[in-house]
Structure formats: structure tokens, C-alpha cells
Protein chains: 2
Amino acid sequence: MKKRTTLKQLARELDVSISTVSKALKNSPEISQDTIDRVKAFAKLLNYRPNNIALSLKNKKTKTIGIIIPDIVHHFFTKVIKGVEKYANSNGYNVIVGLSNESFSNEVINMEMLANGSIDGFIISMSRETMQRQDYQHYTETLNEDIPLVMFDRVVAEIPCDKVIVDDTKSAEIAVNTLINKGATKIAILTTKDYVSVGRLRTKGYLEALKNHGINPIRDLIIKIDDELLYEEDHLDVLEKQVRELLLNHTDVNGIFAVNELYAVVAMKVAKEMGYEIPNDLQVIGFTDGMLSKHATPTLSTISQHGESMGSKAAELLIQRIDERVNDLPKEPTKTVVISTNLIQRGSTK
Amino acid sequence: MKKRTTLKQLARELDVSISTVSKALKNSPEISQDTIDRVKAFAKLLNYRPNNIALSLKNKKTKTIGIIIPDIVHHFFTKVIKGVEKYANSNGYNVIVGLSNESFSNEVINMEMLANGSIDGFIISMSRETMQRQDYQHYTETLNEDIPLVMFDRVVAEIPCDKVIVDDTKSAEIAVNTLINKGATKIAILTTKDYVSVGRLRTKGYLEALKNHGINPIRDLIIKIDDELLYEEDHLDVLEKQVRELLLNHTDVNGIFAVNELYAVVAMKVAKEMGYEIPNDLQVIGFTDGMLSKHATPTLSTISQHGESMGSKAAELLIQRIDERVNDLPKEPTKTVVISTNLIQRGSTK
DNA sequence: TATCAACACGAAAACGTTGTAGTAATGTTA
DNA sequence: TAACATTACTACAACGTTTTCGTGTTGATA
């Protein structure tokens, strides 16, 4: 194996000590200009570059942050990564990505793989299975080991760390309010099982909007989809069937709020097949502003979560914590940053 | 800063040497069972885990691979990452992601950030700007430093490394053949400027299919889109306008082949607005099987690139090279693996 | 009882850096 | 000219491991 140029090699060939080489490369005043020039020239010649690993070991920091997400084939998470990367890179950090694939054990394994010194801190959105099991031991252990941790989107109160979220409840309420204001009188919601925090919160917003308008919620109109296989083919059939049944049993539904864009798009598809005209007969609002929303027919009105901002913010919070830690600053209380959403109105609403 | 448990601490508290602790944890036969048990128990108590950075330094390998892609908000790349991650993880490797954002300098910076010992090898898809400038110095430098490199999708012949691609030309030819067999007689192509290798190759396939069927290509029907701002809002307006003009000037176009799914979906949208019925008046085939293809109306027939397979394969090749390098095995000649595509027929073709 | 394994452990080097604490060889001052 | 600064370097420890090469005790053998 070809070996990279090291200080030792430079030192040997230049017939000076390692320290001299190190200092010369850093323009130390201890070293004569002559030597500095010689060393630098030779270093350039041999294409010397300091070994990051050695530095990490010495400095006890890796300048790397780990982000662990449930699924990368997902526009929202992808946006978040982009935001994290951008902020991290411009602060000299690298980003290492772990995929939990919505599985508890994968999440644990990934965290363990990285928590052995490979990274200075974590940014995490919890896997579905973890939410279901409510087993947060690996999180608390990480925190106990004093490794900073920032959660985003799918968070739980039990874990005492910085968090970046959107106001799911409020956003959902705004979406449903909009539907009502635009004339929808009977509004269904396509949501997830309650253990998915964001689904639960958005459902809450839906219910609040109804209540504020004196509309009684109808159990049949609240469809909680088991999203085990979200974004998998076979899962969609189930979803389609449920929407079809809904529209069959309640032909006067004229508004649908979906907690993600895929549900919304599928709902529109089924409705169109059944002869509904969107937005005239039926108005639809989704959540998450991704590719699908922009290019569906009709284009989908949706709540934009600003994933990239969430990512940057999470990175910012994390790097602050890392600094706090390495500089032994007093620990600030954990904070939860709420990124504001906004409703993007497109073709699926009047 | 709270310090992690180290061998030294364990040694001190157990009143044995560091070596003994190290060996005990590895069940060395040199150490008595008694001591092994004591050490292990205490290590577990203090939650000891070996410091990966120290290991990396010692072993001269990081068990980390870097993947650099032009854009993460892109279904295809996302699939590739997933494939890389899967293969890498199950072989004990971590994945660190760099985003070039289609920019040359970002690509260079990212590679330099990682090529200082942080990673054992690269998996890369070239940024658009790099293809345009044809400046491959950072690649050759990386190879000169003996850092293994595998390219995928957007590759160039000038760089002597392993590659993973699909047969763009052949796949495009198959797509266009299918269009012709299904009755399309006047087929347009929505492609990119020639410097994007995949665009150029797919255009070549289009032309070959036409030639094989005795159809003369018409310059007007070959639309090369400057994809500077692909997936950005303002870019799409330009695209829409171009498609509109095409269909206006050539009302008898009855087939469109697009080199990515977004172009295809936009084309369908414009066509529908102009009163075309898909697939009866106009058949469309895209490239890349992403979210859009599955959920467009009508659903889009498309060439599936199997991004995940490409990712796994790339990771496999890279890890082979890494092994070759660290074990000083003889260097095998570089190879180019062609992942087979297949045409997924959906609603946009008859 | 001197010799030699076997056993159980420790010392030290190495991976590539950085920074502190020396240390020679000059030049300057009283 | 003895005491002291300054200059320009070098030695060494440290970061946390692993591993090779000792080494001091045992107990068994001749």
C-alpha cells in the first residue's frame, strides 16, 4: 500500500526534526524564514496534507456530525440533509449519513457504529418502530455519554435535547381552516396511526379547526393509515381502497386534508377516477412540499415544512452544543425551535 | 468536557497494565480467565467502547467511504445512496455524504475535505459543471494518491477507474423502439445539452432507433434543454414553453421520449393542457423510475435504472479496491459494470 | 537443585499530529 | 568577561489503540 506523505518523511528528507516541519508549515515565528520556505516547498512537492484522523485523535473532535433518518428516499428528509450539509460544510464539518429504514434495531446499530468516536454529535429523526416501542434507551445513553444530540420532526418529549420541529398542530389547523373558508363543509383527514407523533399532532389540529367552526367530527372521516409500508407499492393499494370506501360511503365529502403529500396525491387520483372534479367537487390539502405536490394534476396545495431550514437550524444547534462541550462552557437549557410553515395554494383548492 | 472511558482508565482502576486490559477484552489466551472476567465486568460497568479514531489511525483505514453526488434532492441519487449504505453497512463501513450541488468547486472542496484520511475511498457521480469544464484533475490526483475511486452514472472515459453505469444508449433505443412499435410515427426527444454524458448517450439511442426504422430525424424534434436549473421553479417555465412550441409547430407529434422523469411529466402536463389525450394522441416514455412516474396522471412509462443496485455494485467494487490496496494485492484492471435497465410500462403508453 | 517450560502479565513502539519545555549557539549588556 | 537574551531549532509527551517482545513467577523435570 502506497503511503501518504507524513511529517516524519518530510523531516527525514529535509534533515530537520518533525517539530520543525510541523511548525514551519504553520508559519511559527520559532522557525527561520529560510527553513519555512524550504519545508513548504518540499511539502508542496510531495503533496503533503495533514492526516485528519491523527488530528481528530489529538484534538478529540472529528469535525463530523452524524445524521440518522428513517428513509432517504423521501423528499422531506432529503431537504433536511441538504440543509444540514450546507450549514455543516460551511463550518468545516462533514456529514455522515445513517439510515434506520424505519427500524429500531437499525437505528440502534447505526448510532452505536457512530457513537464510538466517529462523530461529534447526532442529528436524528426517530424511526417509526422506535416511536412504536417507545424505547429511547439508546438516546439517553448517548446523552449520558455527553454526546450532543438534536432531534427534528419526529421528536418525543421524553428525551431532553434540542429539537427542531414545525408546529404540526397549528399548521394542520390552518390547512383545515383554509378548506373550511373555501367552502368545504365535510372534511376528511388521511392520517397515520397515533404513535407517529406528527400524524397525531396533525390530527389534533384537524380536530381543533373543526371544533372552532362548530363542526362535529365524524369518526368515519378520520382515516388512520397503517403506514408500515409507506412509499411501497403494496401499501398504496390499501390506501386507495380506504379512500374509495370513504368517498363511497360519504359522497358529500368535499374536503380532504392529508398528513403527507403522497396520501394527498393518491386521494386525488382515486377521487378523479370516481368522477370528482378537483377543486370544484373536492378540495385537497397535503403536508410537505415535495416533487409530487408540484407536479400532480391538479397541482397540490400543501403545507410547506421548509426542510432545508430545519436542517440548517438543527446543524446550528448541534454545533453550538459541540462547542459548548469542547470548550467546557456552562450548559444552556435545551431548546425547541419551531420552524414556521406556510400554506402553498395551488390547483387542488379553490 | 466529560471524557470517554479508555483503556488507560480501566487499567488504572483495575491496577493492571493497559496491555492486559486490551488483551483481556479480546479474550487473549495470554490472560487468565480470572483477569478476563474482572476486566470485562468493569469495562461493561463503565460502558467502555474502543475509540474508533484511534483504531483508524493505527490500522490506517477508516472503514468509511465517501459518496459525492451532484444533488440529493433527486430520487435517483437517493436510491443510489440507499444501495451504497446497505452494502457498506453490512460490511462494517460507514458512509459520508458530500454534495457538489452541480458545482465544480464544491466537488473539489468536498473531495479535498475527505481525501485527507477521513475516508478509504470515493464513490462519485460527476457534477454538471465538471463535465462542462472537462477538468478532471482532482480525480486523477485522488487516483495518484492511491485512493480508490468508483464512478457511477455520469462517468467519463478519461478517468481510469471502476465505473457503474446503465447502457444509456441501448435503453433509450429500447424506449424509442417501443414507442414506434406502439404506433408512434413522429417522435420528439426532450434531452439535455450534450456535455451531460447521459443526455448525449440517450440522444444517440434515440437517433439509432429512428435510423433502424428508416425514420429521418428532424432537428426541430430534438430539444436540448439547458438544465442549469433542473428541478428549480424558473427552469420549468422554459421547459414548458419549449414543449408548447414543439407541439404547436408539429401538431402531429405522437410520441415523446424524455431523458428524465421530470421532463416527461412536464411534457404530459403541457400536452394535456393543449388537449392531447395520453396515450391515445401522444405516448410518452421517461427515464428514471421515481415518485413522479408512479403518481403522475397518467402514470408514466419509464426506463428504470435500478439506482439501488447501482449503489450496491459501486460499493462492492470500491470495497474490493480498498481490500486490494490494504492487502497489497496485485491491481486488477479497472472494470465498467453495466447495470441492466428495464422498461416499465404504465399509462402513458398504449 | 539447577534447568526449563508454561503462565500471566508489563513495557514500549507505532500510527501522525501538536505544543510545551528544553537546549545549543549566537549576540548583547554591564 | 560573566550574565543574560535571542534565535532556531530538537525532544518528548500526549491522544487511544494493538501487538511484539520481554520478564518474573510458578511448577515440573533431570
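All chains are named by letter (A, B, ...) in the order of the sequence lines, taking the proteins before the strands, and each is independently numbered beginning at 1.
Residues satisfying the side chain to side chain contact (heavy atoms under 4.5 Å, CB included) test with Leu46(A), not counting sequence neighbours, are Thr5(A), Leu10(A), Phe42(A). Partners of Ile339(B) according to the side chain to side chain contact (heavy atoms under 4.5 Å, CB included) rule, which considers only residues two or more places apart in sequence or in another chain, are Val164(B), Val166(B), His306(B), Ser309(B), Met310(B), Lys313(B), Val337(B). Every residue two or more places apart in sequence or in another chain that forms a side chain to side chain contact (heavy atoms under 4.5 Å, CB included) with Lys331(B) is listed here: Asp146(B), Glu324(B). Looking at residues two or more places apart in sequence or on another chain, you find no side chain to side chain contact (heavy atoms under 4.5 Å, CB included) involving Asp15(A).
Between the P atom of dG10(C) and the CG atom of Leu14(B) lies a distance of 10 Å, rounded to the nearest Å.
Lys82(B) approaches Val73(A) most closely through the heavy-atom pair CD-CG2, 3.8 Å.
Residues in residues 21-32 of chain A take part in these salt bridge (charged side-chain N to carboxylate O under 4.0 Å, His left out) pairs, two or more places apart or across chains: Lys23(A)-Glu30(A). Within the structure, ring-ring contact (aromatic ring centres under 6.0 Å, His included) pairs that include any residue of residues 128-159 of chain B comprise Phe104(B)-His138(B) (at least two apart or interchain).
Residues from residues 321-329 of chain B placing a heavy atom under 4.0 Å of any atom in DNA chain C do not occur. Within residues 32-44 of chain B, the residues having any heavy atom closer than 4.0 Å to DNA chain C are, in order of number, Ser32(B), Thr35(B).
First and last contacting nucleotides of DNA chain D toward chain B (any atom under 4.0 angstrom from a heavy atom, 5' to 3' order): dC15(D) to dC21(D).
The closest side-chain heavy-atom distance from Ile72(A) to Glu85(B) is not below 4.5 Å. Counting only heavy atoms from C-beta outward, the side chains of Phe76(B) and Asp153(B) approach each other to under 4.5 Å. Using a 4.5 Å heavy-atom cutoff, the side chains of Asn89(B) and Asn110(A) are in contact. By the 4.5 Å heavy-atom criterion applied to side chains, Leu7(B) and Leu25(B) are counted as neighbours. Two residues are said to be in side-chain contact when any heavy atoms from C-beta on lie closer than 4.5 Å; Asp135(A) and Val108(A) fail this criterion. Taking the side chain as every heavy atom from C-beta outward, Ser127(A) and Asn106(A) never approach each other to under 4.5 Å.
Summary of helix geometry: the two end axes of the helix from dT1(C)-dA30(D) to dA30(C)-dT1(D), each defined by five base pairs via their C1' atoms, are inclined to each other by 90° (rounded to 10°).
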Base versus backbone protein contacts along nucleotides 17-22 of chain C [heavy-atom cut-off under 4.0 Å; B, S, -]: BBBBB-
Review item, side-chain donor-acceptor pairs of residues 111-124 of chain B, under 3.5 Å, at least two apart:
| unit_1 | atom_1 | unit_2 | atom_2 | d |
| --- | --- | --- | --- | --- |
| Asn116(B) | OD1 | Asn52(A) | ND2 | 3.4 |
| Asn116(B) | OD1 | Ser118(B) | N | 3.4 |
| Asn116(B) | OD1 | Ser118(B) | OG | 2.9 |
| Asn116(B) | ND2 | Met113(B) | O | 3.1 |
| Ser118(B) | OG | Asn52(A) | ND2 | 3.0 |
| Asp120(B) | OD1 | Thr62(B) | N | 2.8 |
| Asp120(B) | OD1 | Thr62(B) | OG1 | 3.0 |
| Asp120(B) | OD2 | Thr62(B) | N | 3.1 |
| Asp120(B) | OD2 | Lys63(B) | N | 2.7 |

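Without hydrogens or angle criteria, Asn51(B) side chain to Ile53(B) main chain gives a donor-acceptor distance under 3.5 Å.
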